[in-house]
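We use all heavy atoms of the structure for the numbers below, so side chains are in, but hydrogens, waters and symmetry mates are not. The structure presented is a predicted model; accordingly, all values stated were derived computationally and were not measured.
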Amino acid sequence: MVYRCRLIVKTLFAMILFSSFSHSIAASNEEKVQKMYVAYYGRPGDPEGLDWWAGKLAEANGDLTEIIESFGNSDEFVNRFGSFSNSELINNIYVQLFGRSADAGGLAWYVGKLESGDPDWSLASIALRIVDGVNEGTDDATIVDNRMTVANSFTLAVENGTKTYAGSNDVASAVDMLARISSDFRTKEWALASFDKEFELFFPPEGMITVCSYDEPIGNLTDYSCNFKSFSSYGHGDLTDFRVTNSTLFVDPDSRRSELSMLNQSEIDALCDATYPIDYETFSLVPPESSFEEGGAIHFPLVIATAHFNYLGNGDAARMILRLLSDWAEAEVNLDDEFGVGNGAHYQVGLFLPVYIRAWNSIRYETFVSDSDRSLVDSYLKSVTARMRISDAFYSGSNYPASVDFGNHSWSQFVGVMAYSIFSDDDIYFQQSIAHYFAVLDGLVRADGSLIPETQRGGSSLYYSLYSTSLLIRLAELAANQGYDIYAIEINGVSLHNIMEFHISALEDNDLFLPYTSHLEGINDSSFCETEEQCLNWNNQVYGENNTGGYNYGGWAEFDVYRKRFPGSSLVGRYLAIFPDSEYYNIAEGPFVQSCEYRIPDS
């Protein structure tokens, strides 16, 4: 099935869908039962179950205490939660309702009640008390309202036959869907859209992925089409075969520390930029509304501090990480109402999110991190990631992906999503990131390994192409550390290895870009060039200084990742002829690559 771009007027379809629910839900028995499904099981009720329990509740004149024990003692509960401790059971209710852990005081109080043996304080009755005790106007109340709206709409969709809800996989998917709903209205709308065929390109059917490609490989970045493709058709199994297998993000710190132990301390200090001028005890930043407003002012200190803690044992660096991330989380940076509407936001936060995750992952279980700090930052990262999955096109009122939703900005977005999937052991986010990588190879790469959109950006083509390739390396490296060699995946005869070879060749001979930029001679076309200078310099890839539009041969940091992964590649010698280690010894620009983690000097 092929779709053509169609703009729709964004409607209040969610309200219509909700109000058309065949059961009246205003303080109804169905509403009460649905709340129990969400609180106790963390999922929407199925239509048959909802009707059955609502009938039982009607027989009890609306008194939940009459049915709550039967509702709470089920095979599903035993299978899903039977191994939980009492503390974990109470905390899980908070997570399912509010997307956060219980506060220490509330947790202790409810655990005490549960363990008292009082029949009035069963786990199911506690769940009911917690959901009924939410204060109106709070963030918790908004989250419950949003999750109830989605749960009711989901049940209706199952009843109407537009969603399936049979078997453990469907249940797991529904649990995951509700878990992603926050107080942000957009997470609610995004979930509601998944029940609407108008938005199916954003929510491919099971086993399918959305692939977008330009109608012409040269000279037209305006016309494109998107269609579904079966993932299994690529010959690499099913998408669900890709799962998070371990906690390693970009680098395993223990393995890297073992490698560094072969060096003397002065070499380690040099690699890790030990003298970087930052006072970890006093450094702070007043949180802005969005991290990209600071031009990377937070991410670079986090990059350096993470390396200094992991490989130099600097405890002050670790405490600064906690302070900065806690401040960012308290201020809800990147969670303002405007985030996600402009494509620059997705792009920049996609770059910064892996920095936050890697820094937080390095200290999360240190003794100086309190449970409340852990809950705060965990919830913050979860909320930022959820927003990264919401497309710009959706918030522009379109049912069709925009170029920013499948171009290099989205690649940055999915680096952040994949990093979070590994950090949080989230298979669904991991699979979505894998699917995006496959879609890029299928729709946006020419047979010679060049990137269709990036090679046509005039005098900035080499710069943008190298940087976009870096994003693919980051995705491939994250996957490789989970045991999946997507570097070697070939689609239409092209793999990331071919993309790497094209770009090494382009560094050696910039004229390789001329077939893709020559159509810009004498014109200034904003669909290709961000500035007139880029179009005017269509035949000059080195005109800019400090990468201001062009490429100044300042080094290609991500190649060091490729080089470490594939030391025997013939591309390594060609790369070193352009960027000798003697001239580019230190790599500290982040947010992904630092010499502290990748470079070992020759003996």
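Ring orientation note: the planes of Tyr165 and Phe154 are nearly perpendicular, at an angle over 60° on the 30°/60° scale. Taking the six-membered ring for Trp and thresholds of 30 and 60 degrees, Phe203 and Trp190 have ring planes inclined between 30 and 60 degrees apart. Between Tyr400 and Tyr224, the ring-plane angle classifies as tilted under the 30° and 60° cut-offs.
Taking the ring axis of Phe368 as reference, the NZ or CZ atom of Arg319 stays within 45° of it and closer than 6.0 Å to the ring centre.
With a 4.5 Å cut-off on side-chain heavy atoms, Ile209 and Phe228 do not count as touching.
Salt bridge absent: Lys188 and Asp145 never bring a charged side-chain N and a carboxylate O closer than 4.0 Å. By the 4.0 Å N-to-carboxylate-O rule, Asp426 lies close enough to Arg180 to be salt-bridged with it.
The number of heavy atoms from other shown groups lying within 6.0 Å of CD (Glu88) is above 12. In this structure, Glu206 places its CD atom where only 12 or fewer heavy-atom neighbours from other residues, nucleotides or ligands lie under 6.0 Å away.
Under a 3.5 Å cut-off, the side chain of Tyr94 and the backbone N or O of Gly106 do not form any donor-acceptor pair.
Across Val111 and Asn86, no two heavy atoms sit closer than the pair CG2-O, 4.1 Å. Closest of all the heavy-atom pairs between Leu444 and Pro453 is O-CD, 4.0 Å.
Ile473 contributes atom CD1, which lies 11.0 Å from atom OG of Ser468 (distance to the nearest 0.5 angstrom).
Each of Asp140, Thr142, Asn146, Asp139 was compared with Ser183 under the side chain to side chain donor-acceptor pair (under 3.5 Å) criterion, and only Asp139 meets it.
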Please step through side chain to side chain contact (heavy atoms under 4.5 Å, CB included) for the pair Ile298 and Trp328, ending with a clear verdict. CA-CA 10 Å; Ile298 183 177; Trp328 243 240; 3.4 Å; yes
